[in-house]
Amino acid sequence: MIPVLIGVVFIVFAINRMSPGDPVQVVLGGTYTEEQYVAKQAEMGLDKPFLVQFFNYIKDIVTKGDLGTSYSNKRSVTKQVVERIPITFKFALIGCLITVALGLPFGIISATKQYSAADYSVTVFSLIFASMPQFWMGLMFIIIFALKLKWLPASMPSAAQIPLKYWILPALTIGLSPVATITRLTRSSMLDVVRQDYIRTARAKGIPEGTIVRKHMLKNGLIPVITVIGINLGVLIAGSVVVENIFSIPGLGMLITNAVARQDYPIIQGCVLILAAMVCVINLLTDLVYGFVDPRIMAQYKAGSKRRRKKGKEAAEA
Amino acid sequence: MKKLTKLMALLLAVLMLCAVVTGCSGKTVTEEPAPAAKEEAPAKEAPAEEAPAEEAEEGPISVTVGTTTSSGSFDNTVMSSNVGYMLVYDSILARDTDGNIVGNIAESYEYTDDTTLVLTIRDDVYFSNGELCTPEDVLFSIERFISTNSAFVSTTFYDKILFDECSIDGNQLTIKLADPCSGILASFCNPKWSFVLCKSYVESTGDDEFWDAPVGTGPYTCTANIADSYMTFEKRADYWGEEPQVDEFTIKYYPEETTMFIDFENGELDMCLGVSDADLTRVQNGEVDGWFTIGSEHDLVMICLPEYVEAFNDINVRKAIAMALDSESLTETAFGQLGVVSTSTLMSDSVGYVNMGAYEYDPDQARQILEDAGYAEGDLSFRMVIVNFPANEKLAEAMQSQLADIGIDLQVESYDIGTAMSYFMNSDLDISIGEGSVPCADAAQLFAMAKPTHTNACMIQTNDEIVDLLYSAEAEMDEAARSDLYAKVQEWFYNNYRWLPICEKKSANVYSDRISGWDTYWTSVYTDLKAIEVQ
């Protein structure tokens, strides 16, 4: 994970400095002398060579946990990012739960009632939402549910605690699009499993169909689905910029969008680093979940762990 | 079964195509503006009749304001704006509703000679942390402003202050200037440039405290400042000035105008600052309950033809461009009813404004001028860089079309503000859209951009005549003589076609019927919410 994070930061560092625009000019505005420019550049640390800047940045993170200071509002980047992580994570999690809550049952229905009206209906429903651009979907939801029907609010409230009803529309907006992917993947995984001999045996033994679907088909077909759910959660955390803007959600997406427009390098780097770390953690959790779903994988983990402990012991004894 | 499958597939394909096409449409439907005349700042439509006294609100009076300006730091040296500035801070001087300079923290001012300004600081002003506001705090605030961010030095004229020679005697602060400077009083009225900060507090705290807990002399304290979300303010009991009516303000930030207006329609907001032309029209037409004001932004949009572009050294080319651009249609296209055709390189409500008249739109004459000067169609090609605001893009597109009519090719490149600025500052473009923002309504601030010391090469002028006029006007203390000099400046620009004024920008606010008035000198910079009146 560490090499991944360092690599991500390095790439973002390089892209920032290679892209057009000068953050010193943005900070100074339109009126400054050459001396003022040089002084401000030195103050912002941008007068040093690229590798020196990068090394200093990594050193500050490792030794002080300091992600730097924003060029535009002079606040600590760490503080700004930490303020927004819970909002973004909650938003992405609720969206992901909606995706799973709809995608899995739809996939099961599609697989068990293949080529039926239910199968087609579920497919059509999920593909409709997959085809809609998120910004359009979000605006339509606002117009229908907030403006016309007045069932739900259009934006976040000005309060520290945000009740659940404020999350419904934004979470639906980001959660409905990936439903089609989960549906189709669940469907194809389960169709692979349904043709296996042990399913026929289970039916021959007289086990109820629901039990067969739940305990045998779904569990065995879940591995690729869990992978995609994990990837989807990572994408939702990192990529909900448009939806955050529509619903005025003060999350990481909005922070990074504003920072890119203002050429605020510390915020861009800090946000990308944190997002990369969160995605890595989600991938790790996804790997762990495999073990709970498939006992064979858990056994492999345990065997691998035993082998590593044995090697370590032998090395210590030697 | 096969037929059913084909039918379902066809239906799916049609639905997906509809969704994609609809989702990808970029056209914004704008209604025709209402035939009502454009309001002059700060005019307003009559609000609903005031409720009788017995219906007055019980409990604290709260107002929720929507804005598309993100909440920035309360540190005024940071290059961002904050709608809540004037709730927390007071400026050294202020403007009354007619725009005249009046006392504020400094209850009076007097020039004892051309380079000596004496401010008498009130002795009954306390910061929100209980400390008394003194002349030391005033001087500290000015000095800090330009030492922390040098960007404002020349625009504010604070660089003319000889801080070592300034002195304090009781409640009097004597400011010594290196040269006579008429514009500095206007700087002391600017809500951002002249906030009075508590010296002891600023010296003992860090930048995060500025964000979370600013200390000022204003009538409110900031109780919460959540970035890109909202700010809340509570009225102080010990404010030195006129007690505002509203007890609590909540200012909500919306990155999307549409969402803000929907919240207004749903009654979540009492007022919206800076609504779009389309939303304003809906209020004007009565589709949405409420009333509105259209006020000047003190922002002049003009086309700049820089000196460093060789083709523009030929006055015929500049004149032809001026005659090829139809200000009226450009204003209507880009700004709708939120723009007024400009008739000078100065705002119409600024001191010294002279109505020079818009350039005559005559593309045939423009074509003839170019032909007589030896330019054939296609000989002239220019590159224009703009900031990717919707109004700029519409304006640039319309300009492309109008210049193409006379055989000039205009390539337009649109970037975010940071990237565009690097093109402006590095002179890496031929034509730019200049915005002469004059937050103090003072000519000196606007024309500071024309001085050779300004760093935006798109706007600076090096011609001896205009440079001499600019410096003379800046130093002239007599109001009548100053107006004369700025009249000559405007005449020079008009005759030399370097800055082609297009329009003066306006800004529209909408209010629910709960808001009964807002009697203040308002511009987008002077968002003085404390003057709000509630039924």
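Nothing here was measured: the structure is a model prediction, and the numbers come from that model. Only this structure's heavy atoms are used, side chains among them; waters, hydrogens and symmetry mates stay out.
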Check your understanding: Relative to chain B, which segment of A/Pro157 carries a heavy atom at a distance below 4.5 Å: side chain, backbone, both, or neither?
Key -> backbone
Check your understanding: Any luck finding a side-chain donor-acceptor pair between B/Thr232 and B/Thr223 under 3.5 Å?
Key -> yes
Point to revise | Donor-acceptor contact below 3.5 Å, side chain A/Arg75 vs main chain B/Ser73 | key: no
Practice item. Quick one: which of B/Asn388, B/Ile262, B/Asn426 has the most heavy-atom pairs under 4.5 Å with chain A, could you say? Key: B/Ile262
Review point. Are B/Arg144 and B/Asp75 within salt-bridge range, i.e. N to O under 4.0 Å?
Key: yes
**Study point:** Salt-bridge contact B/Arg282-B/Glu265 (side-chain N to carboxylate O under 4.0 Å)
**Key:** yes
Check your understanding: Short question: side chain of A/Ser126, backbone of A/Thr123 - any donor-acceptor pair under 3.5 Å?
Key -> yes
Practice item. Considering only heavy atoms and a distance below 4.5 Å, find which of B/Thr259, B/Ile251, B/Thr64 pairs most often with chain A. Key: B/Thr259
Check your understanding: Measuring heavy-atom distances to chain B, does A/Asn258 have an atom under 4.5 Å in its side chain, in its backbone, in both, or in neither?
Key -> side chain
Review point. If you tally heavy-atom pairs under 4.5 Å against chain B, which of A/Leu139, A/Ile246, A/Asp22 wins?
Key: A/Ile246
